[in-house]
Amino acid sequence: MCNTVDRIYHAAIYVRLSKEDGDVASAAKAESNSISNQKNLIKDFLKDKDDIIVVSERVDDGYSGSNFERPAFQMMMGDIKRGKVDCVIVKDLSRFGREYIDSGKYIERLFPALGVRFIAVNDHIDSKEENGRDDIVVPFKNLINDAYCRDISIKIRSHLEVKRKNGEYIGAFTPYGYRKDENDRNRLVPDLYAAGVVKEIFRMKLHGMSQSAIAEHLNRQGILSPMEYKHSIGIRIQDNFKTHEQAEWSSMSVRRILENEVYVGTLVQGRHSTPNHKIKKIVDKPEEEWIRIEDSHEPVISKREFAIVQRLLGLDTRTSPKEEEVYVLSGLAVCADCGAPMIKRNVPAGGKVYSYYICSKNAATKECGTHRIPKDKLESLVLGVLQTHIANVLDLERILTYVDTIPFQELEIKELERQKEVKEQEIQRCRELRDMLYEDLKDGIVSKEDYAELYEGYNSKRKKAEEAVRNLSHKIKNVLDEKTDKYEWLRYFREYQNIKELSRVVAVELIERVKVFDKNHIEIDFAFADCYQSALRQVQSTGCIVRTDEDGRVNIQEREVV
């Protein structure tokens with residue numbers, strides 16, 4: 001007697017394995033969920049199924065079951081819509097998907113509507129059979145799979161968060177200039193070659209080169225871009241923005257390096273995330289939620305250099321197309337009246353070209369005076385004032401060295417305590433004003449809108465003062481614990497004690513701003529001005545007499561120093 005088959009089904013075998021495999025809880029389960037094992041189990045099941053012909057095998061290797069945006073799954077759905085496939089076979093429901101709602105949509109609504117037979121071998125589910133279409137079991141198992149996926153996601157997120165807070169690097173690829181430690185894959189160590197390029201990039205920026213000029217220089221030298229360098233050492237990264245046969249350095253790639261805190265030993269992680277395990281869209285997290293760990297690895301750049309470069313990136317330091325480097329005082333020289341940057345202008349006369357600094361606002365709108373000053377004269381004036389200031393700093397350093405260490409430590413703490421007391425008084429004053437404001441509101445002196453605005457203003461000012469108090473308390477503790485080099489700033493000036501000419505590096509390291517009044521009058525705000533004034537006060541506290549002459553030289557008389 002011959003067996004008759006009512007209908008022949010054209011089947012797609014679908015198998016899936018996630019990356020982690022977060023679906024894996026043990027080595028045995030990892031093996032049972034392997035791609036080959038899933039295929040073998042399904043083919044063994046089909047040996048005596050005369051009504052099923054396999055027409056395709058679809059494999060999603062390394063894709064989570066928390067959503068259905070998987071390439072092989074979407075290809076299978078395309079075959080179904082074209083009528084090529086009318087049967088889907090999986091090892092079990094968890095291999096099909098772990099998302100409760102969408103799994104139910106496919107199995108209970110879409111597949112029946114398209115006439116597609118669904119078989120989950122290990123779960124004994126076959127939509128053709130009456131006992132294989134249990135309306136309670138299938139949704140319940142899908143719900144369990146969904147909950148399992150959610151639980152795994154939470155555990156992984158929590159585990160990664162702990163590693164971030166411990167200062168462990170969890171990225172798949174390291175930042176340019178670093179590699180993973182061979183003995184600890186969660187720790188960054190400098191890559192000597194790439195770290196050398198990073199140092200050169202920062203050096204060029206400090207010498208006045210723009211990001212574009214730096215990028216062009218690196219390309220001319222044949223130095224591989226970060227992407228190409230990783231490819232050259234065997235690291236394959238998919239770059240969706242690559243448009244050339246070989247990716248080159250660009251002003252943006254240079255800027256990314258100049259802005260990255262990783263080069264000073266600070267690890268910043270957790271900047272981006274996904275809303276949950278079902279939604280894979282990357283979202284940016286607020287900066288206050290980032291995890292920042294300082295001194296987590298060996299720095300490539302000093303914090304001082306990095307800070308200077310960040311300030312330079314915020315200045316207007318554009319160059320003309322014919323120049324690679326900005327002029328010495330670019331971004332530093334400003335108009336004393338309007339605060340606009342002073343820009344350089346070349347004026348041809350008598351067969352020669354003369355360079356001047358003029359107010360950029362005057363050049364653009366004529367709304368301010370020119371404040372015109374010859375370039376050489378301004379730079380000469382700045383050099384002279386700088387030399388005087390360096391001499392003053394060296395004299396101050398000599399006195400600081402002469403003063404006995406222990407009493408001086410007490411004087412430094414006294415100065416910090418004074419600053420702390422001022423901020424504490426500011427906090428108290430903000431609280432008093434806030435309380436008085438409420439009385440004014442009740443008496444009808446201020447409106448609700450004014451009250452809300454002023455209240456927020458006092459609160460904001462109070463919070464800033466409280467933060468200052470915390471920082472000062474930390475500094476006091478460091479002094480007591482001798483954890484800080486309190487006079488390190490003196491070293492930056494000492495390095496240039498024999499300076500003969502003004503260079504871009506010296507200008508950006510030692511000068512914050514040059515205010516130009518006229519061709520004979522300028523004022524300079526030096527770096528570490530607060531440290532300098534604080535040290536002068538401390539020296540005066542020892543009994544020294546401090547006087548400043550007309551040329552700006554500070555004279556310190558050690559009359560009462562013991």
Side-chain angles (χ1 to χ4, degrees), residues 3-18 23 32-33 35 37-61 63-150 152-153 276-280:
N3 292 328
T4 59
V5 177
D6 295 333
R7 175 182 174 184
I8 299 296
Y9 288 91
H10 301 83
I13 293 176
Y14 179 74
V15 295
R16 180 189 66 80
L17 190 69
S18 62
D23 305 326
S32 71
N33 278 338
I35 296 296
N37 185 277
Q38 292 180 57
K39 287 183 179 180
N40 291 336
L41 185 143
I42 293 172
K43 288 177 180 178
D44 187 62
F45 166 79
L46 292 174
K47 282 181 180 178
D48 59 352
K49 301 296 186 292
D50 298 330
D51 60 338
I52 298 177
I53 299 175
V54 176
V55 296
S56 66
E57 295 180 6
R58 299 299 186 187
V59 179
D60 276 319
D61 193 355
Y63 288 87
S64 170
S66 61
N67 66 74
F68 287 86
E69 297 302 318
R70 312 172 217 142
F73 183 87
Q74 293 302 323
M75 291 170 65
M76 180 181 71
M77 290 304 301
D79 290 341
I80 290 172
K81 291 172 183 177
R82 287 190 294 270
K84 182 180 176 181
V85 168
D86 56 8
C87 178
V88 174
I89 308 173
V90 296
K91 177 198 166 192
D92 54 44
L93 287 171
S94 71
R95 297 299 96 198
F96 182 74
R98 292 189 181 276
E99 207 283 328
Y100 167 63
I101 295 176
D102 282 347
S103 292
K105 181 186 75 173
Y106 280 105
I107 296 171
E108 298 171 32
R109 296 175 59 190
L110 190 57
F111 285 174
L114 295 174
V116 175
R117 179 180 178 183
F118 177 76
I119 300 173
V121 178
N122 278 0
D123 289 323
H124 306 292
I125 293 172
D126 185 343
S127 61
K128 180 186 175 186
E129 308 295 334
E130 288 298 324
N131 63 354
R133 299 177 60 181
D134 195 313
D135 292 337
I136 295 178
V137 172
V138 173
F140 182 72
K141 285 192 173 184
N142 281 335
L143 184 60
I144 294 298
N145 285 327
D146 195 351
Y148 178 82
C149 192
R150 176 178 176 275
I152 288 294
S153 175
N276 53 55
H277 68 287
K278 296 182 181 181
I279 302 174
K280 298 304 179 184

I'd like to check [X] versus [Y] (side-chain heavy atoms, cut-off strictly below 4.5 Å). Are they in contact?
| X | Y | value |
| --- | --- | --- |
| Val121 | Lys91 | no |
| Ile35 | Arg16 | no |
| Val15 | Ile42 | yes |

Please find the pair of heavy atoms, one from [X] and one from [Y], that lie closest to each other, and give the distance.
| X | Y | value |
| --- | --- | --- |
| Val85 | Cys87 | CG1-O, 3.3 Å |
| Tyr14 | Asp60 | OH-OD2, 2.6 Å |
| Ser64 | Ser18 | CA-CB, 4.0 Å |

Sequence neighbours excluded, the answer for salt bridge (charged side-chain N to carboxylate O under 4.0 Å, His left out) partners of Asp48 is none

Taking only residues two or more places apart in sequence, or in another chain, which ones meet Lys43 in a salt bridge (charged side-chain N to carboxylate O under 4.0 Å, His left out)?
->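 Only Glu57 meet the salt bridge (charged side-chain N to carboxylate O under 4.0 Å, His left out) criterion with Lys43.
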
Is the backbone N or O of [Y] less than 3.5 Å from a side-chain atom of [X], with the two atoms forming a donor-acceptor pair by type?
| X | Y | value |
| --- | --- | --- |
| Arg117 | Ala11 | no |
| Asn67 | Glu69 | yes |
| Asp86 | Tyr9 | no |
| Gln38 | Val90 | no |

About how many Å separate [atom2] of [Y] and [atom1] of [X], when rounded to the nearest 0.5 Å?
| X | Y | atom1 | atom2 | answer |
| --- | --- | --- | --- | --- |
| Leu41 | Ile89 | CG | CD1 | 11.0 Å |
| Asp61 | Leu17 | CG | CG | 5.5 Å |
| Ser127 | Ile119 | OG | CD1 | 7.0 Å |
| Ile8 | Asp50 | CD1 | CG | 7.5 Å |

Measure from NZ or CZ of Arg70 to the centre of the six-membered ring of Tyr63 and say whether it is under 6.0 Å with the direction within 45° of the ring axis.
->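 Verdict for Tyr63: no cation-pi partner in Arg70.
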
Do any pairs count as a ring pair (Phe, Tyr, Trp, His ring centres under 6.0 Å) and have a residue in residues 75-95, sequence neighbours left out, and if so which ones?
-> none

Per-pair distances, 0.1 Å, donor-acceptor, side chain in residues 71-82, under 3.5 Å, sequence neighbours excluded:
residue: Gln74; atom: NE2; partner: Phe68; partner atom: O; Å: 2.7
residue: Asp79; atom: OD1; partner: Arg82; partner atom: NH2; Å: 2.7
residue: Asp79; atom: OD2; partner: Arg58; partner atom: NH2; Å: 2.7

Check side chain to side chain contact (heavy atoms under 4.5 Å, CB included) between Lys49 and all other residues, then give those that pass, not counting sequence neighbours.
-> Phe45, Leu46, Asp51, Ile52

Take the angle between the ring planes of Phe118 and Phe111 and call it parallel below 30°, perpendicular above 60°, tilted in between.
->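 Ring orientation of Phe118 relative to Phe111: tilted.
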
Step by step, would you call Ile107 with Phe96 a side-chain contact (heavy atoms from CB on, under 4.5 Å)?
-> CA-CA 10 Å; Ile107 296 171; Phe96 182 74; 3.9 Å; yes

